[in-house]
There are 4 protein chains.
Amino acid sequence: MFKLKPYIAPDFTQEPFVSAPNAALVPAPFDGVAPEQYHAMSIFPEYFKIDGQWLLAEESRMDCVAVYENGRIAVREFRLLKQGDMVIVGRTENCEEGIYMYTDGFRETSGTKDAFAFRTGRSRETAFSKDYDELYELLRHDREHGKIVWVMGPAFSFDSDARKAMSKLVEHGYVDAILAGNALATHDLEGAYLRTALGQDIYTQESMPNGHYNHLDTINRVKYHGSISEFIRKENIDNGIIYSCEKYGVPYVLGGSIRDDGPLPPVFGNVYEAQDAMRNQVREATTVICMATTLHTIATGNMTPSFRVLPDGTIRQVYFYCVDISEFAVNKLADRGSLSARGIVTNVQDFVVNLAKGLGIYE
Amino acid sequence: MFKLKPYIAPDFTQEPFVSAPNAALVPAPFDGVAPEQYHAMSIFPEYFKIDGQWLLAEESRMDCVAVYENGRIAVREFRLLKQGDMVIVGRTENCEEGIYMYTDGFRETSGTKDAFAFRTGRSRETAFSKDYDELYELLRHDREHGKIVWVMGPAFSFDSDARKAMSKLVEHGYVDAILAGNALATHDLEGAYLRTALGQDIYTQESMPNGHYNHLDTINRVKYHGSISEFIRKENIDNGIIYSCEKYGVPYVLGGSIRDDGPLPPVFGNVYEAQDAMRNQVREATTVICMATTLHTIATGNMTPSFRVLPDGTIRQVYFYCVDISEFAVNKLADRGSLSARGIVTNVQDFVVNLAKGLGIYE
Amino acid sequence: MFKLKPYIAPDFTQEPFVSAPNAALVPAPFDGVAPEQYHAMSIFPEYFKIDGQWLLAEESRMDCVAVYENGRIAVREFRLLKQGDMVIVGRTENCEEGIYMYTDGFRETSGTKDAFAFRTGRSRETAFSKDYDELYELLRHDREHGKIVWVMGPAFSFDSDARKAMSKLVEHGYVDAILAGNALATHDLEGAYLRTALGQDIYTQESMPNGHYNHLDTINRVKYHGSISEFIRKENIDNGIIYSCEKYGVPYVLGGSIRDDGPLPPVFGNVYEAQDAMRNQVREATTVICMATTLHTIATGNMTPSFRVLPDGTIRQVYFYCVDISEFAVNKLADRGSLSARGIVTNVQDFVVNLAKGLGIYE
Amino acid sequence: MFKLKPYIAPDFTQEPFVSAPNAALVPAPFDGVAPEQYHAMSIFPEYFKIDGQWLLAEESRMDCVAVYENGRIAVREFRLLKQGDMVIVGRTENCEEGIYMYTDGFRETSGTKDAFAFRTGRSRETAFSKDYDELYELLRHDREHGKIVWVMGPAFSFDSDARKAMSKLVEHGYVDAILAGNALATHDLEGAYLRTALGQDIYTQESMPNGHYNHLDTINRVKYHGSISEFIRKENIDNGIIYSCEKYGVPYVLGGSIRDDGPLPPVFGNVYEAQDAMRNQVREATTVICMATTLHTIATGNMTPSFRVLPDGTIRQVYFYCVDISEFAVNKLADRGSLSARGIVTNVQDFVVNLAKGLGIYE
């Protein structure tokens with residue numbers, strides 16, 4: 001049975017916490033500009049000593065700054081800084097400057113370590129059986145006790161079974177929010193409306209006559225009706241990912257990109273507003289699963305800390321999966337510092353079908 | 001010596017042009033919504049019969065609609081349609097509905113064709129020698145007689161030699177515009193300011209202490225100074241791609257994305273405004289070279305037609321190259337209809353250095 | 001329900017067959033050397049007119065030559081030619097030289113074809129649902145009425161579930177032969193003997209202390225016992241692919257390679273003897289499924305024709321699948337002329353587990 | 001200027017060397033079988049205490065065993081063991097069992113290490129400028145003072161410029177041996193004989209009529225003449241890699257594989273004889289550069305130690321490069337234990353042209 005690892009909080013009554021100085025605060029010189037030597041956040045829990053008290057930055061975000069206000073530590077994007085915001089400065093993380101980054105609050109029972117070992121990275125040759133088994137348990141747990149956020153690339157909806165499996169996941173409560181772009185939603189709706197993706201039948205793979213119009217027709221029709229929900233109602237749409245989200249009240253955030261056609265009405269044209277909307281979904285996420293998108297995966301990875309403070313004050317781990325057919329994409333998150341991400345190298349169609357079968361919701 | 005292929009215009013005094021009906025025009029029902037059966041544009045020259053005259057859509061853009069206004073055919077994104085715009089409808093392309101798509105205006109001297117041939121696609125195993133030789137000639141030609149637009153992915157500036165080669169290309173007039181994102185500019189400026197990319201020395205590959213601050217420090221410093229040009233002046237920046245653009249007056253468009261830190265001041269937060277700015281650069285482009293970015297390549301590919309009407313009225317071919325280490329990325333353009341793109345499968349560092357050496361501007 | 005497409009034989013009572021000349025025969029000048037203008041075989045049925053009769057080369061093999069002997073057409077590797085063998089010469093395929101290559105004996109009901117269509121190749125974004133459904137039916141059919149040959153790369157046995165699924169396929173009669181190399185067998189036996197692959201636990205992914213000895217210890221132990229079957233008996237091996245093959249009498253051919261450790265006793269050190277042994281298995285194959293190996297896939301693809309003459313004289317199609325996580329590998333067969341291969345782009349672990357689940361033999 | 005790092009030999013007059021026991025020797029129980037607990041070699045220098053003396057295994061090979069005979073330590077493949085060979089047993093490497101593996105004989109001046117750093121692996125985004133610069137120096141040095149061995153995949157000769165650059169490297173003394181397979185030699189000779197690779201012009205990329213015969217015709221013609229040298233003479237071949245090797249007396253070893261057509265006369269049909277011939281070339285290698293082949297790279301990597309004992313008794317480093325367009329291939333060596341390999345991720349065509357240009361031997 002799945003059990004969360006307990007968080008072992010630092011003991012602030014001990015050294016070096018007791019003798020550590022207070023963290024230094026310097027006001028932001030202009031809107032959108034941090035003071036010299038600002039401290040940038042990581043994905044780990046970080047504590048700051050303010051007036052002799054160690055405060056946790058509860059809602060963290062990598063590469064953002066810590067602002068002290070109203071007795072709490074807010075973590076703020078540079079672009080949202082206001083002149084005069086009190087920003088924590090200091091680039092050490094071991095209390096010397098009143099800053100403590102805590103990387104092992106969820107202790108692993110460390111296995112035997114060998115001086116030399118083959119195959120330490122993640123590749124197509126990694127054995128993923130256990131990852132699947134753990135995912136089944138994690139998803140069952142977090143369906144009841146957490147928030148599961150899915151991130152999807154544009155081609156995720158190109159395949160009939162993948163769409164069906166994802167719809168089942170929504171239907172059975174395994175999806176609490178979806179982060180994606182205009183293309184994912186467009187092709188999923190195209191699949192529901194015209195049974196194609198980019199003009200190709202999502203089951204038979206046949207190219208339809210004039211099929212290259214299909215995604216444009218879909219967008220145009222949605223815009224004609226004024227909204228996706230109205231489109232679904234008027235055109236009798238009855239299947240697909242977006243349809244399921246609408247039916248079961250699952251929020252989806254669609255971030256715009258420079259390659260968009262259309263776009264569909266709910267797409268955020270301004271990417272920084274999209275970031276804000278995404279972070280709002282991520283704030284309570286306990287599991288994040290990214291599939292077949294480097295752009296959205298990195299964007300989401302950057303805003304997802306490794307931990308979450310639950311409403312009752314307990315702290316739990318956040319699980320982050322990155323599923324992609326390319327090792328490069330899977331390993332890219334690690335290159336950028338999101339070290340806690342777990343990669344699975346496969347075609348996401350098979351991944352999601354396997355997952356739904358393993359959860360017993362797809363025959 | 002490089003010679004443009006002449007454009008052989010259709011002979012509209014012949015059939016089927018003479019007997020073809022006029023194209024049908026239907027007003028857009030709402031802002032941003034095209035009428036049913038709207039005609040979507042391709043990358044090829046397309047002519048529309050209006051009042052008995054065949055008019056060319058001079059500035060085309062794939063997947064957009066043709067609007068007749070002021071005696072000309074404008075090609076407009078759906079999102080820019082206004083209620084009442086007179087949109088051409090019809091989905092045939094052989095004159096039956098007054099619409100003619102002309103795919104072979106620049107006739108190839110067709111080689112002998114065999115019923116069966118190995119290796120018809122583009123892969124790492126394609127022989128690229130001739131592509132390089134043609135590129136040298138094309139660039140020399142278009143430096144004098146065209147407009148060369150470069151599109152770059154975020155990691156392009158990670159390598160010392162690649163940055164140097166690209167700077168040489170700018171310096172010698174081979175670069176008329178750059179389309180990229182926040183990350184490319186950030187890492188290029190980081191390289192100039194702190195000699196690193198994501199904290200790693202761009203030559204020695206050594207990771208700098210606290211190097212993960214470097215890109216953030218760079219952005220923050222630019223914002224402190226208020227603009228990139230001011231940053232360059234005040235911080236004595238003297239190398240790099242963006243520096244060279246500023247020095248030689250080469251415009252660059254930076255489109256925002258949901259994964260951006262910062263962003264730098266000139267980045268377009270609204271991606272549709274970014275599209276407009278990109279298309280403004282592309283309108284006069286005669287050669288487009290995309291390197292190491294799927295997102296920007298597809299975005300640019302979608303807005304680049306296969307031809308250009310020069311100020312003197314002659315029509316010439318537009319050359320489009322897509323350089324990437326992944327066959328999937330290189331072939332993706334073809335999947336989306338930008339069939340005239342030529343792919344080169346390699347690491348863009350080597351590509352650009354080889355190019356600069358071949359042009360004799362890099363010792 | 002799955003139905004084989006009927007083979008529509010050419011009507012040799014019609015032209016151009018009737019007036020065609022006899023095929024020319026020229027003796028091989030030396031052992032291993034074909035005469036000038038030898039005819040090389042394709043994967044398709046090919047007929048040769050000899051003494052006024054059209055004879056089918058029944059057991060074909062691409063890039064080999066046709067030898068007339070004992071009233072039949074044998075298809076022979078160059079290396080097996082004997083001086084004086086009567087080799088058919090001629091490089092046309094439409095009867096002009098008494099040679100007829102027949103590419104559409106199994107006629108497809110051709111769908112509507114559009115002048116332009118997106119996404120014509122096979123990539124990670126292809127919709128594979130229907131391929132899976134067809135495979136389920138094909139395997140059920142050929143378990144009863146055909147011969148199913150599996151080809152596997154070295155890493156196929158690295159994952160616990162994949163090994164289990166493959167064992168189930170053997171157990172339930174879906175595997176009639178396996179073609180692989182020393183590494184596949186070694187790591188599969190390592191998994192059974194020590195529960196690792198290259199020293200890493202095939203389920204938990206943990207690296208075992210001194211685990212880099214495990215594959216060597218496995219080979220050494222097999223050699224100590226003298227044979228794989230003896231090793232299985234003496235060491236109480238009770239799971240895995242090779243174990244299942246031994247238990248259910250499924251033949252496996254292991255071809256050697258220059259990267260082999262060991263090798264295991266049944267491995268062919270001479271690769272041309274390995275080719276012969278592989279072709280002996282392929283001669284009766286009706287379905288071939290290649291997974292995660294470029295080397296063995298191309299080797300097998302080269303020796304697998306698109307058709308099979310059954311004992312009762314009827315001719316049926318041979319199905320050939322190539323499953324790999326890399327588009328390059330999947331598309332490579334097509335580049336080399338094995339045009340009838342169908343590619344599936346995914347991690348083979350997921351492929352085989354999905355397959356076994358779809359066949360209802362894996363819970 | 002390039003300088004070899006000096007080898008700092010262990011001081012065997014100190015502990016723990018002095019008190020260490022002698023290494024245990026156990027006779028091989030059968031031909032080809034090592035005793036239980038045999039010691040397997042690594043790529044590093046390893047010393048064994050025999051009769052109180054520490055002996056270095058001078059010509060090492062990963063995953064082979066150490067045999068004491070005639071007062072020296074021979075490193076032997078399992079398959080070459082003879083019953084009664086005295087094999088060293090023991091699986092510790094720190095003198096406890098008289099075995100010492102020495103991993104830092106060539107000490108690096110270690111840079112500052114940060115707790116956290118981005119981008120520690122090798123990918124398309126690694127900055128390779130310095131690797132090129134070092135390679136130029138290394139090749140210039142080893143042309144005079146070492147032995148440079150090149151390993152090539154089958155498609156290396158598909159491109160005109162790459163063939164030319166490689167020929168220049170041979171001509172100028174930068175190539176002391178080549179390890180490859182039947183396909184590399186076949187396509188290179190096809191390029192020289194018919195100006196194609198797999199029927200496609202190596203410069204214009206045009207597919208020749210009946211071009212799929214070209215590689216077969218090339219092999220058949222070589223076999224007709226009896227040898228490659230005779231073929232070159234009789235057919236007036238005057239360009240290419242193999243031609244250059246023949247002209248300048250550079251040995252090449254061609255290992256067979258199950259996908260071979262032909263094969264050409266000098267190809268080793270038995271892969272273990274091929275291994276022996278390859279190792280004979282590698283024994284004196286000081287630099288090894290592998291390009292575009294996973295199979296040959298791993299095979300060569302397994303037999304290349306990280307050091308070399310020169311005739312004068314000094315010990316120097318062996319440099320090992322792996323150049324491939326796929327991160328997976330580049331990183332695979334590390335997964336298998338050949339940790340000292342340096343990877344460069346690019347198209348080998350560009351790599352070799354850049355290299356030849358950097359060495360000033362290619363205009």
Side-chain angles (χ1 to χ4, degrees), chain C residues 29-38 40 42 63-65 77-79 91-92 179 181 198 210 212-213 215-217 219-221 223-224 226 255-263 265 267-275 278 294-302 325-326 328 335-337, chain D residues 29-38 40 42 63-65 77-79 91-92 179 181 198 210 212-213 215-217 219-221 223-224 226 255-263 265 267-275 278 294-302 325-326 328 335-337:
Chain C
F30 306 112
D31 282 6
V33 181
E36 295 284 294
Q37 292 302 110
Y38 61 85
S42 68
D63 287 352
C64 290
V65 290
E77 288 85 353
F78 284 77
R79 61 186 161 78
R91 296 192 170 181
T92 59
L179 311 181
L198 277 175
N210 260 339
H212 58 291
Y213 274 98
H215 71 290
L216 300 172
D217 281 353
I219 297 171
N220 198 50
R221 200 70 191 155
K223 289 171 86 174
Y224 178 84
S257 96
I258 53 171
R259 61 183 257 197
D260 290 348
D261 291 306
V267 172
F268 286 91
N270 185 296
V271 288
Y272 307 118
E273 293 171 14
Q275 280 188 352
M278 292 166 73
T294 307
L295 175 63
H296 291 259
T297 299
I298 293 178
T300 309
N302 287 352
I325 206 162
S326 146
F328 179 70
D335 271 1
R336 301 203 169 249
Chain D
F30 306 113
D31 281 6
V33 181
E36 295 283 296
Q37 292 301 109
Y38 61 86
S42 69
D63 288 351
C64 290
V65 290
E77 288 85 352
F78 283 79
R79 61 185 160 77
R91 297 194 170 178
T92 60
L179 311 181
L198 277 174
N210 260 339
H212 58 291
Y213 274 97
H215 70 290
L216 300 172
D217 280 354
I219 297 171
N220 198 51
R221 201 70 190 154
K223 289 170 87 172
Y224 178 83
S257 94
I258 52 171
R259 61 182 257 197
D260 290 348
D261 292 306
V267 172
F268 286 91
N270 185 296
V271 288
Y272 307 118
E273 292 172 13
Q275 280 189 351
M278 292 166 73
T294 307
L295 176 62
H296 291 258
T297 299
I298 293 178
T300 309
N302 286 352
I325 206 162
S326 145
F328 179 70
D335 272 0
R336 303 206 166 245

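Per chain, numbering begins at 1; letters A, B, ... match sequence-line order.
Residue D/D217 touches chain C through both its backbone and its side chain, counting heavy-atom pairs closer than 4.5 Å. At a 4.5 Å heavy-atom cutoff, the contact between D/P35 and chain C is made by backbone atoms alone. Both the backbone and the side chain of D/N220 come within contact range of chain C, with heavy atoms under 4.5 Å apart. Both the backbone and the side chain of C/Y224 come within less than 4.5 Å of a heavy atom in chain D.
Residue with the most contacts toward chain D among C/T300, C/N270, C/D261, C/I258: C/I258 (heavy-atom pairs, distance under 4.5 Å). For the set D/A34, D/G256, D/A274, D/G255, the entry with the most heavy-atom pairs within less than 4.5 Å of chain C is D/A34. Listed options D/M278, D/E77, D/R221, D/K223 were ranked by heavy-atom pairs under 4.5 angstrom with chain C; first place goes to D/K223. In terms of heavy-atom pairs under 4.5 angstrom with chain D, the leader among C/S326, C/A40, C/C64 is C/A40.
Here the straight-line distance linking atom OG of C/S257 with atom NE2 of D/H296 works out to 9.0 Å at 0.5 Å rounding.
Tested against D/R259 for a side chain to side chain contact (heavy atoms under 4.5 Å, CB included), the candidates C/V271, C/L295, C/T297 yield a single pass: C/L295.
Applying the side chain to side chain contact (heavy atoms under 4.5 Å, CB included) criterion to C/V267, with sequence neighbours excluded, gives C/N182, C/L254, C/D260, C/P263, C/L264, D/Y272. With sequence neighbours excluded, the residues forming a side chain to side chain contact (heavy atoms under 4.5 Å, CB included) with D/Q37 are D/V89, D/R91, listed by chain and number.
Contact annotation: the side chain of D/L216 approaches that of C/Y38 to within less than 4.5 Å [non-hydrogen atoms, C-beta and beyond].
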